[in-house]
Amino acid sequence: MSSVVRPYGDTTGDGMVQVSFTLPVPHSKVAEGGAAQLAKKMGIDPALVVHAKPMGPDFTFFVVYGRVNHLVELDKVEVVERDYPLLTPKEVNAAVKRSMRRRLVVVGGCIGTDAHTVGIDAILNVKGFAGEKGLEYYRELKVVNLGAQVSVPQLVERAREERADAVLVSQVVTQRDAHLLNTREMSAAFREAYPTDRRPLLVVGGPRFDETMAAELGVDRVFTRGTTPGEVASYLVHRLVTLKGTA
């Protein structure tokens with residue numbers, strides 16, 4: 001496979017892309033011209049406004065289609081590859097029971113003003129996600145789901161009460177980078193409340209997180225969209241059981 005590729009629209013390598021955005025102007029011919037102008041400044045040329053829809057009296061949503069000359073250099077892409085094996089629920093339970101001789105405790109929730117529990121519930125609740133059962137299904141895991149709008153002090157206090165091995169936080173609300181601010185506040189609070197060698201594993205997830213930002217945010221792992229309960233359970237075993245067992 002070539003390490004250099006171009007976007008594909010109608011034919012291979014034609015460079016065609018489609019982008020969408022909103023401008024804070026009422027819908028008009030001038031607004032559509034402004035959308036085309038913005039697209040051209042983004043490197044899309046020719047830029048064709050294929051959709052324009054008023055969003056109330058003062059905003060317009062656009063979809064623009066056109067060609068770019070930029071190349072994608074795959075050998076320069078930086079991603080976080082999975083560095084642990086995927087385990088079945090049976091394998092997770094066996095590893096925890098054999099090595100910890102107690103249940104692995106997971107405390108999770110949505111912090112700040114975030115009331116969107118769909119992400120944390122997909123990972124924690126027994127119904128799970130994408131055909132996989134959630135962590136509540138694993139008999140050797142004790143799951144405490146705190147739900148929505150949990151303050152950071154409440155999260156720290158409950159983690160201490162439950163003697164949590166891992167803390168899972170979901171953040172969907174991202175306006176003004178609220179997910180980043182909340183995560184940094186959480187990681188700072190846990191580092192203040194715990195000795196380094198006793199702090200629970202800190203894991204965050206959400207659609208707008210960048211997997212490469214874990215160290216910058218002060219957490220142990222960042223999961224993004226599409227993460228399944230099995231991936232999270234396997235990671236917890238890898239960090240809390242496998243690595244500790246070989247240390």
Side-chain angles (χ1 to χ4, degrees), residues 84 87 89 92-93 95-97 99-129 132-173 178-207 209 213-214 217-224 227-244:
Y84 54 90
L87 306 176
V92 168
N93 289 328
V96 172
K97 186 174 183 179
S99 300
M100 300 187 73
R101 301 182 185 278
R102 62 172 176 80
R103 297 172 78 191
L104 190 157
V105 181
V106 178
V107 173
C110 302
I111 57 176
T113 60
D114 202 326
H116 300 76
T117 62
V118 62
I120 196 69
D121 287 344
I123 301 299
L124 298 184
N125 287 2
V126 68
K127 62 183 179 182
F129 169 71
E132 293 186 10
K133 298 290 188 181
L135 301 192
E136 290 179 345
Y137 173 75
Y138 295 70
R139 68 174 183 271
E140 296 300 327
L141 271 59
K142 176 185 177 183
V143 176
V144 180
N145 189 346
L146 302 180
Q149 298 182 327
V150 181
S151 72
V152 169
Q154 288 174 329
L155 182 65
V156 173
E157 181 181 359
R158 191 60 182 274
R160 293 178 69 95
E161 289 177 358
E162 299 289 346
R163 296 185 178 181
D165 297 294
V167 173
L168 273 55
V169 166
S170 172
Q171 291 281 265
V172 176
V173 174
H179 61 308
L180 303 181
L181 297 173
N182 290 340
T183 300
R184 290 190 177 100
E185 179 187 353
M186 177 198 69
S187 63
F190 272 94
R191 279 169 171 75
E192 182 178 343
Y194 283 84
T196 302
D197 59 344
R198 295 182 60 189
R199 176 182 61 80
L201 204 64
L202 300 180
V203 180
V204 298
F209 279 106
M213 291 183 65
L217 295 174
V219 299
D220 297 288
R221 189 79 177 196
V222 173
F223 285 110
T224 56
T227 300
T228 65
E231 289 178 281
V232 176
S234 298
Y235 171 72
L236 296 181
V237 167
H238 174 70
R239 285 296 307 269
L240 296 172
V241 177
T242 305
L243 292 185
K244 285 190 175 181

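All residue numbers refer to positions in the sequence shown, counting from 1. Being a predicted model, the structure only gives us computed values, none of them experimental.
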Work out which heavy atom in [X] is nearest to a heavy atom in [Y]; give both atom names and the distance.
X	Y	result
A95	V241	O-CG1, 3.7 Å
V92	A233	CG2-CB, 4.2 Å
P229	G134	CB-CA, 3.9 Å
A166	P200	N-CB, 4.1 Å

Would you say [X]'s side chain and [Y]'s backbone share a donor-acceptor pair under 3.5 angstrom?
X	Y	answer
T227	T224	yes
D114	C110	no
D220	L201	no
Y235	G230	no
S234	L87	yes
R184	L217	no

(request) Step by step, work out the side-chain contact (heavy atoms from CB on, under 4.5 Å) result for L236 and V106. (result) CA-CA 9 Å; L236 296 181; V106 178; 3.8 Å; yes
Do [X] and [Y] make a side-chain contact, defined as non-hydrogen atoms from C-beta onward lying under 4.5 Å apart?
X	Y	value
V143	Y138	no
Y137	K127	no
M213	V219	no
R103	V96	no
V204	Q171	no
L168	F223	no

Distance-only donor-acceptor pairs under 3.5 Å for side chains of residues 145-157, two or more places apart:
from: N145; atom 1: OD1; to: G147; atom 2: N; distance (Å): 3.0
from: N145; atom 1: ND2; to: D121; atom 2: OD1; distance (Å): 2.9
from: N145; atom 1: ND2; to: N125; atom 2: OD1; distance (Å): 3.4
from: Q149; atom 1: NE2; to: T113; atom 2: O; distance (Å): 3.2
from: S151; atom 1: OG; to: Q154; atom 2: N; distance (Å): 3.2
from: S151; atom 1: OG; to: Q154; atom 2: OE1; distance (Å): 3.2
from: Q154; atom 1: OE1; to: S151; atom 2: N; distance (Å): 3.0

(message) Listing request: all salt bridge (charged side-chain N to carboxylate O under 4.0 Å, His left out) pairs with a residue in residues 133-142, at least two apart in sequence or in separate chains.
(response)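 Qualifying pairs, neighbours excluded: K142-E162.
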(request) May I ask you to say whether D165 pairs ionically with R102, meaning some side-chain N is under 4.0 Å from a carboxylate O? (result)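 Counted as a salt bridge, because a side-chain N and a carboxylate O are separated by less than 4.0 Å.
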(request) May I ask you to check whether over 12 heavy atoms, not counting those of R191, lie within 6.0 Å of atom CZ? (result)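 Correct, the count exceeds 12.
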(request) For E192, look at atom CD and say whether over 12 heavy atoms of other residues, nucleotides or ligands are found less than 6.0 Å away. (result)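 12 or below, so no.
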(message) Would R160 pass as a cation-pi partner of Y194, given that its NZ or CZ must be under 6.0 Å from the six-membered ring centre and within 45 degrees of the axis?
(response)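 R160 over Y194 ring: yes.
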